[in-house]
Amino acid sequence: SDFSRLFTSFASQDFEEENVARRIRPFECHNPIDSTQFLVVDDNEINRFVLTEFIKKKAKIEPLQAINGREAIELATTYLSQKSDNQLLIFMDLEMPIMDGIT
């Protein structure tokens with residue numbers, strides 16, 4: 001059957017890790033984290049703390065923080081006007097006072 005021929009074909013190939021690694025060209029690109037700032041927006045202080053600490057540990061960067069959508073817009077506008085070549089990744093709560101994450 002077609003399945004048994006396909007299975008036999010795959011089973012006969014050498015899939016050792018070092019052989020596969022030799023066949024794959026190294027992927028070289030710019031690390032997008034290098035030009036990314038993070039903005040954590042949440043009215044809950046504990047949620048902001050947990051996500052901020054996670055970002056500090058993984059991305060090794062101190063993220064910007066805001067407590068509502070209006071403050072987030074002000075921070076994002078200021079940041080991007082000063083550093084136009086960078087990216088801003090926003091983690092935003094959907095329900096907040098003043099301006100939520102949907103508005």
Side-chain angles (χ1 to χ4, degrees):
S1 74
D2 289 336
F3 177 75
S4 62
R5 278 186 282 154
L6 182 62
F7 180 77
T8 304
S9 173
F10 278 120
S12 66
Q13 292 182 11
D14 184 11
F15 282 108
E16 291 177 19
E17 192 173 305
E18 64 185 60
N19 289 334
V20 172
R22 272 189 256 133
R23 288 182 286 186
I24 299 173
R25 289 185 296 164
F27 183 64
E28 295 177 14
C29 71
H30 169 71
N31 184 352
I33 294 295
D34 293 343
S35 63
T36 301
Q37 175 57 278
F38 296 85
L39 172 57
V40 177
V41 187
D42 200 318
D43 59 320
N44 184 307
E45 185 176 0
I46 295 171
N47 292 347
R48 275 196 327 272
F49 174 79
V50 169
L51 187 52
T52 297
E53 292 302 310
F54 178 80
I55 292 169
K56 283 183 196 178
K57 183 178 179 181
K58 296 297 182 182
K60 299 185 181 12
I61 189 169
E62 180 75 37
L64 302 172
Q65 295 183 44
I67 60 172
N68 62 59
R70 184 174 293 146
E71 187 177 311
I73 290 173
E74 292 170 7
L75 275 171
T77 303
T78 301
Y79 176 80
L80 292 172
S81 69
Q82 294 171 356
K83 301 183 182 260
S84 61
D85 60 330
N86 286 6
Q87 303 171 60
L88 183 61
L89 181 60
I90 302 172
F91 294 95
M92 184 177 290
D93 187 8
L94 295 180
E95 296 178 12
M96 294 179 289
I98 301 177
M99 181 185 282
D100 60 27
I102 296 174
T103 309

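Computed over heavy atoms, backbone and side chain alike; hydrogens, waters and symmetry mates excluded.
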Steps toward side-chain contact (heavy atoms from CB on, under 4.5 Å) verdict (Leu51, Asp42)
CA-CA 10 Å; Leu51 187 52; Asp42 200 318; over 6 Å; no

*Do Asp93 and Asn44 pass the side-chain contact (heavy atoms from CB on, under 4.5 Å) test, and can you show the C-alpha distance, the side-chain angles, and the key distance before you say yes or no?*
CA-CA 9 Å; Asp93 187 8; Asn44 184 307; 5.8 Å; no

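The shortest heavy-atom contact between Asn68 and Met96 is CA-SD, 3.9 Å. The heavy-atom pair separating Val41 from Ala72 by the smallest distance is CG2-CB, 3.5 Å. Heavy atoms only, all atoms of each residue included: Tyr79 and Gln37 are closest at OH-CB, 3.1 Å.
Between atom CG of residue Leu39 and atom CE of residue Met92 there is a gap of 6.5 Å, rounded to the nearest 0.5 Å. To the nearest 0.5 angstrom, Thr52 atom OG1 is 11.5 Å from Ile61 atom CD1. Rounded to the nearest 0.5 angstrom, Lys60 NZ and Ile55 CD1 are separated by 13.0 Å. For the atom pair Glu71 CD and Leu64 CG, the distance stands at 10.5 Å (nearest 0.5 Å).
Counting non-hydrogen atoms of neighbouring residues, nucleotides and ligands closer than 6.0 angstrom, the CD1 atom of Ile67 reaches no more than 12 such neighbours.
If you chain together hydrophobic residues whose side chains sit under 4.5 Å apart, Ile90 and Ile73 never meet in one group. Criterion: ILVMFWY side-chain heavy atoms under 4.5 Å apart, direct or through other members. Under it, Val50 and Phe91 are not part of a common hydrophobic cluster.
With hydrogens and angles ignored, the 3.5 Å screen pairs a side-chain donor or acceptor of Ser81 with a backbone N or O of Thr78.
The pair Lys56-Glu53 meets the salt-bridge criterion, with a side-chain N (NZ, NE, NH1 or NH2) lying under 4.0 Å from an Asp/Glu carboxylate O.
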